[in-house]
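Heads up: the structure comes next, in structure tokens.
Position 1 is the first residue of the sequence, and the numbers go up from there. Note: hydrogens, waters and symmetry copies are ignored here, and every other heavy atom, side chains too, is used.
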Amino acid sequence: MAAAMAFLAVVCAAAMAAVSGAEEVYEFGSGASFIFGDSLVDAGNNNYIPSLSKANMTPNGIDFAASGGMPTGRFTNGRTIADIIGEMLGQTDYSPPFLAPNTTGGALLNGVNYASGGAGILNGTGRIFVNRIGMDLQVDYFNITRKQLDDLLGKAKAKEFLKKKAIFSITVGSNDFLNNYLMPVLSAGTRRLYTLDARKFVVANVGPLGCIPYQKTINRVGENECVKLPNQLASQYNGRLRELLIQLNGDLAGAKFCLANVYDLVMDVITNYDSYGFETASMACCGNGGTYDGMVPCGPASSMCGDRKSHVFWDPYHPSEAANLVMAKYIVDGDSKYISPMNLRKLFSL
């Protein structure tokens, strides 16, 4: 799911249910997520920048109950995988986009979403979209939030909040593959987050990019086939990523890095889609062009499938909400086949 199955990394932070002030909110919080990444988890940051990578048009968001079915900037028909994971871990509200004007004060205690459609690990990734918020700038934005949390909670409680109650998610990497070939260069950004008191990380590897409707359409492969080269590159990258996380677990005292094996998880959903209740893992529900409707992104003029829950893919690049639900369950409560060395629920409880 190109940008959608991208590199899912999650750095955890739990929030507070607003009762009567920051002190009580802190003491009785439920859950918060600080989310970094690309269009897989963008909750609307690109609405606030001049970019060609936007999802603030129908029918995107048609199944997003919180907006009454109106588009929010999410690149799917409903909730992103980050939204669903937050819900499953008890988060009381979705993490708001950093660039939204109301992302201030107590709203920060639900976490903040810094993700941007078209973003990558490398600064040059996503140039074709004119504007996007790359990983370096996303971490810079978190630094701003970090100072705001000091003002809101006081320095000691803000540090405790982030170290013990926080999950930071990083979902990025697909766009780097679609535009450049890279090796895992997340180490610098992750270490910066560590110095800002992030401790609980979940990093997802890159999914089978050769299986998304866009790649299958432009390469004219069969319905049950995937394009080999993108998948080979992703597999090579994922091996190096695993090594990097092992290294970071050893180097950064008190930090815990979990690897979400998105590649194998998504591949299993695509290969055995019928056993998961889907009717197709090849066709985009919303799109146009080619055998799999994979050429033209989803927009008001696109054709749309009749049953959105029957499709693994919402558009040529991104998974449907139904597919996001399947993946989130494995990442939150699954075993070591798809999330290791522990699942997110266990990580959250540390």
Taking [X] for the side chain and [Y] for the main chain, is one N or O donor matched with an acceptor at less than 3.5 Å?
X	Y	result
K54	I49	yes
K200	L350	yes
Y114	N45	no
Q138	I133	yes
N231	K228	no
T103	P97	yes

Establish whether [X] and [Y] are linked, either directly or via other cluster members, by ILVMFWY side-chain heavy-atom contacts under 4.5 Å.
X	Y	answer
V221	M283	no
F257	F142	yes
V262	L325	yes
L162	L196	yes
Y263	V266	no

Establish, from distance only, whether the side-chain atoms of [X] and [Y] form a donor-acceptor pair under 3.5 Å.
X	Y	result
N261	N205	yes
D268	Y276	yes
S39	D42	no
N46	S116	yes
Y317	S174	no
N110	T92	yes

Legend entry - C305/C286 sulfur gamma separation below 2.5 Å: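 No, C305 does not link to C286 through a disulfide.
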
Inset, instruction - Run the numbers on T72 and R74 for side chain to side chain donor-acceptor pair (under 3.5 Å), then give the verdict. - result: CA-CA 6 Å; T72 61; R74 288 167 169 81; 3.0 Å; yes

Mind listing the closest non-hydrogen atom pair of [X] and [Y] along with its distance?
X	Y	value
A119	G37	CB-O, 3.8 Å
C258	I339	CB-CD1, 4.2 Å
M295	P316	N-CG, 4.4 Å
P96	G111	CD-O, 3.2 Å
D315	F75	OD2-O, 4.4 Å
G207	A234	O-CB, 3.8 Å

What's the spacing between [X] [atom1] and [Y] [atom2] if we round to 0.5 Å?
X	Y	atom1	atom2	answer
K329	I84	NZ	CD1	9.0 Å
S53	R132	OG	CZ	10.5 Å
M135	T125	CE	OG1	11.5 Å
I144	L149	CD1	CG	12.0 Å
S169	N113	OG	CG	7.5 Å
Q148	L153	CD	CG	11.5 Å

Legend entry - Of all pairs that satisfy side-chain hydrogen bond (donor to acceptor under 3.5 Å, both in side chains), the ones with a partner from residues 211-220, not counting sequence neighbours: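 Only Q215-N219, K216-S282 qualify under side-chain hydrogen bond (donor to acceptor under 3.5 Å, both in side chains).
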
Inset, instruction - Report the C-alpha distance between Y94 and E87 in whole Å, list the side-chain angles of each, state the deciding distance to 0.1 Å, and finish with yes or no for side chain to side chain donor-acceptor pair (under 3.5 Å). - result: CA-CA 8 Å; Y94 301 121; E87 286 180 351; 2.5 Å; yes

With a 4.5 Å cut-off on side-chain heavy atoms, are [Y] and [X] touching?
X	Y	result
I81	V41	yes
R192	D140	yes
Y194	R199	yes
P71	M57	no
W314	N60	yes
S320	R308	no
L344	L347	yes
D264	Y338	yes

Inset, instruction - Could you check I270 against F313 for side chain to side chain contact (heavy atoms under 4.5 Å, CB included), going step by step and ending with a plain yes or no? - result: CA-CA 10 Å; I270 289 172; F313 290 95; 4.1 Å; yes

Inset, instruction - Taking atom CZ of R191 as the centre, report whether more than 12 heavy atoms of other residues, nucleotides or ligands fall under 6.0 Å from it. - result: yes

Inset, instruction - Please state whether the rings of Y237 and F177 are parallel, tilted or perpendicular, taking 30° and 60° as the class boundaries. - result: perpendicular

Inset, instruction - Take L245 and F201 through the side chain to side chain contact (heavy atoms under 4.5 Å, CB included) test and state the conclusion after the steps. - result: CA-CA 10 Å; L245 296 188; F201 298 80; over 6 Å; no

Legend entry - Residue that, paired with F98, satisfies ring-ring contact (aromatic ring centres under 6.0 Å, His included) out of F34, Y48, Y141: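 For F98, the ring-ring contact (aromatic ring centres under 6.0 Å, His included) test succeeds with only one of F34, Y48, Y141, which is Y141.
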
Inset, instruction - Tell me, with the steps shown, if S303 and D293 meet side chain to side chain contact (heavy atoms under 4.5 Å, CB included). - result: CA-CA 9 Å; S303 60; D293 285 339; 3.9 Å; yes

Inset, instruction - In plain terms, say whether R146 and D197 are close enough for a salt bridge, that is, a side-chain N and a carboxylate O under 4.0 Å apart. - result: yes

Legend entry - Worked verdict on R242 versus S340 for side chain to side chain contact (heavy atoms under 4.5 Å, CB included): CA-CA 10 Å; R242 182 179 292 275; S340 61; 4.1 Å; yes

Legend entry - Face-on cation placement of R79 at F64 ring, 6.0 Å and 45° thresholds: no

